[in-house]
2 protein chains.
Amino acid sequence: MPKKRVTSQDVADLAGVSRTTVSLVLNDVKGFKITEQTRQRVRHAAEKLGYIPNATAQALATRRAKAIGLVMTRSPHHIASDPFLPQILSGLLEVVKGHQFRLLIESVEPEHQDREYLELVRAKHIDGMILLTPRIDDTALRRLEEIDTFTVVMGKLADSNLYSVDVDNQLAARKATQYLIDIGHTRIACISNAPASFSSAHERVLGYKDALVASGIAPEDEMIRYADFDPQSGFDRMKSLFTSGREFTAVFVASDNVAMGAKAALREAGLRIPDDISIMGFDDIPWAQYSDPPLTTVRLPARELASRACLLLLDLMRGSDPVDKNLVLDTELVVRKSCRKL
Amino acid sequence: MPKKRVTSQDVADLAGVSRTTVSLVLNDVKGFKITEQTRQRVRHAAEKLGYIPNATAQALATRRAKAIGLVMTRSPHHIASDPFLPQILSGLLEVVKGHQFRLLIESVEPEHQDREYLELVRAKHIDGMILLTPRIDDTALRRLEEIDTFTVVMGKLADSNLYSVDVDNQLAARKATQYLIDIGHTRIACISNAPASFSSAHERVLGYKDALVASGIAPEDEMIRYADFDPQSGFDRMKSLFTSGREFTAVFVASDNVAMGAKAALREAGLRIPDDISIMGFDDIPWAQYSDPPLTTVRLPARELASRACLLLLDLMRGSDPVDKNLVLDTELVVRKSCRKL
DNA sequence: CTACACTATTAACACGTGTTAGTAACACGA
DNA sequence: TCGTGTTACTAACACGTGTTAATAGTGTAG
């Protein structure tokens, strides 16, 4: 019942040549003279037997797995509610498939980071890795720089010389906040996307403050909250803003996902968007435009971010030395209906 | 600079034993008597050298990759907008990690299915696979039954004897529709989640019809539309329902994601939810409860579906023969605010 | 002293491929 | 005849592990 495994030896036997020749022909190795006739024979034999090379053996022999890993340093809960994952995966898959690579997904628990990074790489199941939204304080990450492994970070890591692909979070947040100011708002609250230890959260708040300061408005820490990725935390932080006693006519929520929860809190408080309060999002997740009202937000090119990271990684592994270690993609303000002119 | 690779031979040398002994000790192979003393020596040596076995070589020797594949037969576009992917991944990762397996993501283009399935399996990069929402007419899938590979389908495949994990889509849709009837609706439209060739879409429409018939209401094909997974298609189908000239007081949308678009269309038409039209969703994606109004829907246990599929697959590979080939998980009606009592 | 069992360990092979060094076969000019 | 290339291959090793059959070493009964 279990079909006999077809090896290159079988192909060689059928074609009446050596196993070496089979390898040379099928891999189209240059620098070897092989008759067109025998080439045909080998290809025919391979076709007839339905020969599919054993990828594991190839990996062992060539010392490259032809696979890259997407490594996430998050809890299962956060993975489950990450609205970007599908886009990122889509971007990665497309590139990876085009280059005949495989994609491995790995999540490392914050506790075991030290060991897990090493195992992943040294076990040689992957040739390189793409690191997703690492924490600023990720010490284990530092060690990666000492390891001879190709790594591209999605999201920037301060003081690191790893390759990275990211948007300019600070500038994007600044532009978003500036827009609110431009249409007349001066009392603007802020809910960031994640705890301040995450670089993206930190930078977005900085951009928010930049815009305020540039217009002569003094930022107040009491009007800033740090959410925790998911809608529920947005709901909670918004209520927390209410109870702070501060007045505001607009709120910049540095994550559409978090904004979903924030909006629910506004609704619960009987406030209307944008009539009573304007809300500015960040990310432009697929549901933002179908929200009620359609959410004004900053488009984060998630898919392209992923595919560019992947291309960069492949370049790196191919031996080339890309000029810009830190690739920065553009964001775009997407004006919809959730912000009102004052 | 590139650190010398540490092999089991190095460990053996340092410990003063043979490579075989190293393997026996580190893998804790039973049936061999080895002094506790040498065990210690080997473990110490391994620790000191930071020995991490080469997974590829292990895979080749043991003939199992210790990896499973998540295989999706979808276009990149549909992957990017799939709201379940994060939950599924989360469920899979949790189980996979617990069993020291790796997770490989693969998407196969509908055109090349025949060959790709085979390559995936025969190349032996994975020991088994989980198939996501296959199409009813997927002929290549049929061949999998002939191959000696462990496969678990998420979503049911008619007339197949592959193992599967799914919910009872028909029953769930019936209960959802029944709820609408129970609160007084009789003119109920339906927008399914996907083209009819997808089993889940087909079954959900059947359930919808079941409920109508059971209450003496004649289903009309003019009140049924088939969407295409994403919000945009929901938007389009809802407008299509308007132009059909049929009147309805409620609509059952067999996908929350599609419902997002449908709601936008209702809004554009100046209809209020649930005052003018009640809307029932399906899936309970994370954003459903933060929608305005919070969406009444049917909870699909996506994460559990994934983890159960994974557990089933692991059982299968371990050689056990599970009693129920087709596991069916329960759904639950989640009543929120998008449906009004007539 | 011999035969035998038992213990702790290892030599040797297998897994399926890529790749380098080498070799027969043949032609060709001197 | 001999040396020199050239062509078209192939034998043999490497990759790093798991696993089986065998082997020294040691006590024990006959």
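Quick note on labels: first sequence line is chain A, next is B, and so on, each numbered from 1. Keep in mind it's a predicted model, so treat the numbers as computed, not measured.
- Across the protein-nucleic acid pair, A:Ile52 atom CD1 and C:dG16 atom P stand 14 Å apart, rounded to whole Å.
- Between A:Gln58 atom CD and C:dT19 atom P there is a gap of 10 Å when expressed in whole angstrom units.
- As a whole-Å value, the separation of A:Leu24 CG from C:dA21 P is 14 Å.
- Here the side chain of B:Ser18 pairs a donor or acceptor atom with the backbone of B:Thr21 at under 3.5 angstrom.
- Closest to the side chain of B:Ala57, out of D:dG16, D:dT10, C:dT17, is D:dG16.
- For B:Phe32, taking side-chain heavy atoms from C-beta onward, the closest of the listed nucleotides C:dT9, D:dC15, D:dT19 is C:dT9.
- Residue-environment remark: CZ (A:Arg64) stays at or below the threshold of 12 foreign heavy atoms within 6.0 Å.
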TODO: Kindly indicate, with the supporting measurements, whether the criterion side chain to side chain contact (heavy atoms under 4.5 Å, CB included) is fulfilled by A:Ile130 and A:Leu92.
DONE: CA-CA 10 Å; A:Ile130 290 177; A:Leu92 291 183; 3.5 Å; yes
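- The base of D:dA11 sits with one of its N or O atoms less than 3.5 Å from a complementary donor or acceptor on the side chain of A:Thr20.
- Using a 4.0 Å cut-off on heavy atoms, none of the residues of residues 33-42 of chain B approach DNA chain D.
- Within a 6.0 Å sphere centred on NZ of A:Lys48, heavy atoms belonging to other residues, nucleotides or ligands number 12 at most.
- Distances shorter than 4.0 Å separate some side-chain N or O of B:Ser8 from OP1 or OP2 on D:dT17.
- Residue B:Tyr51 places no side-chain N or O under 4.0 Å from the OP1 or OP2 atom of D:dG16.
- Here the P atom of nucleotide D:dG16 and the CG atom of B:Asn27 are 17 Å apart, to the nearest Å.
- Contacts of A:Ser23 with the nucleic acid, taken as non-hydrogen atoms under 4.0 Å apart, include base atoms.
- Partner of A:Phe101 under the side-chain contact (heavy atoms from CB on, under 4.5 Å) criterion, out of A:Leu313, A:Asp127, A:Val95: A:Asp127 alone.
- Phosphate contact (OP1/OP2 of C:dC15, side-chain N/O of A:Asn54, threshold under 4.0 Å): absent.
- The terminal axes of the helix from C:dC1-D:dG30 to C:dA30-D:dT1, fitted over 5 pairs per end, subtend an angle of 90° to the nearest 10°.
- Ionic pairing of B:Lys97 and A:Glu106 is not present here: no N-O contact between side-chain nitrogen and carboxylate oxygen is shorter than 4.0 angstrom.
- Nucleic acid contact class of A:Thr21 (heavy atoms, under 4.0 Å, all strands): base.
- Atom-to-atom, CG of B:Leu60 to C1' of D:dG18 comes out at 10 Å; the value is rounded to the nearest Å.
- For a distance-only test at 3.5 Å, the side chain of B:Arg19 qualifies as a donor-acceptor partner of the base of D:dT17.
- Backbone-only engagement by B:Val17 is indicated by non-hydrogen atom pairs under 4.0 Å involving sugar-phosphate atoms exclusively.
- In this structure, the NZ atom of B:Lys66 is 21 Å from the P atom of C:dC15, given to the nearest Å.
- With A:Thr151 contributing its side chain and A:Met129 its backbone, the two residues share no donor-acceptor pair below 3.5 Å.
- B:Asp82 contributes a side-chain N or O that, together with a main-chain N or O of B:Phe84, makes up a donor-acceptor pair within less than 3.5 Å.
- In this structure, A:Leu26 atom CG and C:dG18 atom C1' are separated by 12 Å, rounded to whole Å.
- The number of heavy atoms from other shown groups lying within 6.0 Å of CD (A:Glu47) does not exceed 12.
- For B:Phe150 and B:Tyr163, the ring centers sit 6.0 Å or farther from each other.
- As rounded to whole Å, 11 Å separates atom P of D:dT19 from atom NZ of B:Lys30.
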